[in-house]
Protein chains: 2
Amino acid sequence: MRFDDFVVLARIILGFLAISPMSGYDLIRAFRTSAAHFWSADKAQIYRTLARLVADGHARTEVVPGTGAPDRVVHHLEASGRDLLIEWLASDQKPQAERDAFTAQIFFAESLTTGELRGILDARRAAAVDARDALRAVERSLPNADPTTQRGAWLRRKTLEQGIRAHEAHIEWLDDIRTGLGDAAT
Amino acid sequence: MRFDDFVVLARIILGFLAISPMSGYDLIRAFRTSAAHFWSADKAQIYRTLARLVADGHARTEVVPGTGAPDRVVHHLEASGRDLLIEWLASDQKPQAERDAFTAQIFFAESLTTGELRGILDARRAAAVDARDALRAVERSLPNADPTTQRGAWLRRKTLEQGIRAHEAHIEWLDDIRTGLGDAAT
DNA sequence: ATCCGCATGTAAGTGGTTACATGATTCG
DNA sequence: CGAATCATGTAACCACTTACATGCGGAT
């Protein structure tokens, strides 16, 4: 909830609108699919932020009558919105505070039995493997992109790679701990 | 701000109190020093959570008159608090949503010039190197610990290692992008 | 003399999450 | 025939951050 999160969310929405005009529902899907590996957003939050972007003149709405479906409120990026986006893209991010509940568990895990500790390590490993494989599947579904001629697609692919690498480093670390614990029963 | 964050914060505080009784101020320092690589907490938040833990009977307070300094309100862990801690330590964490503003920047960086892109990559690399070195310094300041006889200390050390590895994987990834961009001027 | 650290809190503002609310279409 | 998806929002609750508030002691 830090204040900046609100700004980042607005900028990400502007980023999506820069790629293509979208309805609130389109954005909800975009967050669930394309952006899940680096940001999450609730739908209430997305609608609220969209409304503010329109109120501030950074986007404008166009109502597209639904053909046998509800009407869609499509949002278009305005010039001031694009300016805001570019300014943010080129800006330095102040370092984000870490928030990792699992690491916290390990930090205080002294009070656990070896069996319990192995339990949470194994569960975490399985989750990390799943998450890595899910990102790999997305990566494979995307066409290869050339860094000079298709920079946008290439960069988006790179962000998936970052997620995959992070998960792999995490898995190796988990295995290290597992090894360090040894074979003792307790 | 997700609801769980509040629970995690309470458990981390219980974890610290399990190691040793502490005042609110002690906890503020503990978060700044020992826990910065996996959790952050504001002091208002810490005092509020401490008050609730006491109200719920999971901790009790002891006022220690200050010797030439303000009184300290030292918090001691109660049995029910220890139960809560252990239960949480052994529980599976539901996967946390990613929130990384820098990755978001890269994802939408298509609109930037190569120069601007290099700028944010370099800034980020410098920040990551600093963060890694800071963790390494902390790691070096800690005595080595044996996984079987000093499990608590060993695990706490491992969490630092996790942070260091994550930063290193991140730096490699940044360098990869830098290389992929090539030498072109624009 | 001033700033920083110790030490404890409270109040106000802001935003995130959850649940509520509605209604049509499509798929099994 | 029920469940899921499309599609849009609102209201209530809750917690995090920022700023406010106070006061002593030691260092520069």
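Reckoned from all heavy atoms, side chains included, excluding hydrogens, waters and symmetry mates. Everything numeric in this text was worked out from a predicted model, so none of it was measured. Convention: sequence-line order gives letters A, B, ...; per-chain numbering from 1.
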task: Sequence neighbours left out, what passes salt bridge (Lys or Arg N to Asp or Glu O under 4.0 Å) with A:Arg82? Give chain and number order.
output: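 Applying salt bridge (Lys or Arg N to Asp or Glu O under 4.0 Å) to A:Arg82 gives none.
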
If I take atom [atom1] in residue [X] and atom [atom2] in nucleotide [N], what distance separates them, rounded to the nearest angstrom?
| X | N | atom1 | atom2 | value |
| --- | --- | --- | --- | --- |
| A:Lys43 | D:dA11 | NZ | P | 14 Å |
| B:Asp5 | D:dC13 | CG | C1' | 16 Å |
| B:Ile46 | D:dA15 | CD1 | P | 16 Å |
| A:Leu9 | C:dG16 | CG | P | 6 Å |
| B:Gln96 | C:dT17 | CD | C1' | 15 Å |
| B:Asp71 | D:dT22 | CG | C1' | 14 Å |
| A:Arg99 | C:dG16 | CZ | P | 14 Å |
| B:Asp26 | C:dA7 | CG | P | 7 Å |

- request: Could you check whether B:Ala51 gets within reach of a base, just the sugar-phosphate, or nothing at all, counting any heavy atom under 4.0 Å?
  value: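 Nothing, no nucleic acid heavy atom in range.
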
field: Other cluster members, B:Val73 - Ile/Leu/Val/Met/Phe/Trp/Tyr, side-chain contacts below 4.5 Å
entry: none

Using ring-ring contact (aromatic ring centres under 6.0 Å, His included) as the criterion, list what pairs up with [X], not counting sequence neighbours.
| X | result |
| --- | --- |
| A:Tyr47 | none |
| B:Phe31 | B:Phe16 |
| B:Trp173 | B:His170 |

- prompt: Looking at residues 32-39 of chain A, who's got a heavy atom less than 4.0 Å off DNA chain C?
  reply: none

task: Please list, chain by chain and in numerical order, all residues satisfying side-chain hydrogen bond (donor to acceptor under 3.5 Å, both in side chains) with A:Asp146, sequence neighbours excluded.
output: A:Thr148, A:Thr149

field: Residue list, side-chain hydrogen bond (donor to acceptor under 3.5 Å, both in side chains) with B:Glu62, at least two apart or on another chain
entry: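 With neighbours one apart ignored, the set is B:His76.
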
Measure from the side-chain heavy atoms of [X] and tell me the nearest of [options].
| X | options | result |
| --- | --- | --- |
| B:Arg29 | C:dA7, C:dT8, D:dA7 | C:dA7 |
| A:Asp42 | C:dT17, D:dG9, C:dT8 | C:dT17 |
| B:Tyr25 | D:dT8, C:dC6, C:dT10 | C:dC6 |
| B:Gln45 | D:dT8, C:dT18, D:dT17 | D:dT17 |

task: For B:Ala169, check side chain to side chain contact (heavy atoms under 4.5 Å, CB included) against everything at least two apart and list the hits.
output: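 Scan of B:Ala169 (side chain to side chain contact (heavy atoms under 4.5 Å, CB included), adjacent residues dropped) gives A:Ala169.
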
query: If we fit an axis to the first five pairs and another to the last five of the helix from C:dA1-D:dT28 to C:dG28-D:dC1, what angle do they make, to the nearest 10°?
result: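 One end's axis against the other's: 40°.
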
field: Atom pair CE (B:Met22) and CZ (B:Arg72), whose distance is rounded to the nearest 0.5 Å
entry: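 If we round to the nearest 0.5 Å, B:Met22:CE and B:Arg72:CZ are 10.0 Å apart.
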
message: How long is the straight-line distance from CD1 of B:Ile46 back to CD1 of B:Ile13, given to the nearest 0.5 Å?
response: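 Rounded to the nearest 0.5 Å, the CD1-CD1 separation comes out at 6.0 Å.
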
field: Below 4.0 Å: OP1/OP2 of D:dT8 and any side-chain N or O of A:Tyr47
entry: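 Yes.
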
- line: Note: for A:His75 and B:Ala44 on DNA chain D, the residue whose nearest nucleotide lies more 5' is A:His75

task: Search all heavy atoms of B:Ala18 against all heavy atoms of B:Leu85 and return the closest pair with its distance.
output: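 It is CB-CD2, 3.7 Å.
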
- prompt: Between residues 14-22 of chain A and DNA chain D, which residues have a heavy-atom gap below 4.0 Å?
  reply: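 Here the set is empty: none.
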
Which donor-acceptor pairs under 3.5 Å do the side chains of residues 130-138 of chain B make with protein atoms, sequence neighbours left out?
unit_1	atom_1	unit_2	atom_2	d
B:Arg136	NH2	B:Glu168	OE2	2.3

Side-chain-base donor-acceptor pair under 3.5 Å for A:Arg48 and D:dG9: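 For A:Arg48, whose side chain was compared with the base of D:dG9, there is no donor-acceptor pair (under 3.5 Å).
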
